[in-house]
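Single-structure report; data block below.
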Amino acid sequence: MTSPNNPVVVGIDGSDTAINAARWAGAVAEKLGAPLHVLYALPVTGRNLTQTAAAITAAMMSYQKDSADLYLKAAADAVRSDRPELSVS
């Protein structure tokens, strides 16, 4: 067994494939006796953007930030439905 200081970590992007990855990671975490941490991250936009590209990027990042909680909840709920005893954060 591992300690709670050694969680299994899975990254998601809101896709069905990511939900399946979270479920798979949940199975691994359960087998190891470890908690599962589900993460969502935004891409790096780079440097020297034009004003138009910067505005488009800002809008995309705002949408992704607003969607992140929904994506994280969907992935965590899917894992919890498969493994109700697993600690998922």
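Computed from a predicted structure; not experimentally measured.
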If you group Ile, Leu, Val, Met, Phe, Trp and Tyr by side-chain heavy-atom gaps below 4.5 Å, do Trp24 and Tyr40 land in one group?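 Per the 4.5 Å side-chain linkage, Trp24 and Tyr40 are co-clustered.
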Considering all heavy atoms of both residues, which atom of [X] and which atom of [Y] are nearest to each other, and what is their separation?
| X | Y | value |
| --- | --- | --- |
| Leu86 | Ala29 | CD1-CB, 4.0 Å |
| Ile12 | Ala75 | CG2-CB, 4.1 Å |
| Ile19 | Ala78 | CG2-CB, 3.7 Å |
| Arg23 | Asp82 | NE-OD2, 2.8 Å |
| Pro7 | Ala34 | CA-CB, 4.4 Å |

What's the spacing between [X] [atom1] and [Y] [atom2] if we round to 0.5 Å?
| X | Y | atom1 | atom2 | result |
| --- | --- | --- | --- | --- |
| Leu36 | Ser87 | CG | OG | 8.5 Å |
| Tyr71 | Leu39 | OH | CG | 16.0 Å |
| Ser67 | Asp13 | OG | CG | 11.5 Å |

Report the residues that fulfil side-chain hydrogen bond (donor to acceptor under 3.5 Å, both in side chains) with Asn20, sequence neighbours left out, ordered by chain and then residue number.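 Asn20 satisfies side-chain hydrogen bond (donor to acceptor under 3.5 Å, both in side chains) with no other residue.
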Surrounding CG of Asp16 (heavy atoms of other residues, nucleotides or ligands, distance under 6.0 Å), is the total greater than 12?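 For Asp16, atom CG is not crowded (no more than 12 foreign heavy atoms under 6.0 Å).
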Consider side-chain contact (heavy atoms from CB on, under 4.5 Å). Of Val28, Val38, Val88, which one does Val10 pass it with?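 Single side-chain contact (heavy atoms from CB on, under 4.5 Å) partner of Val10 among Val28, Val38, Val88: Val38.
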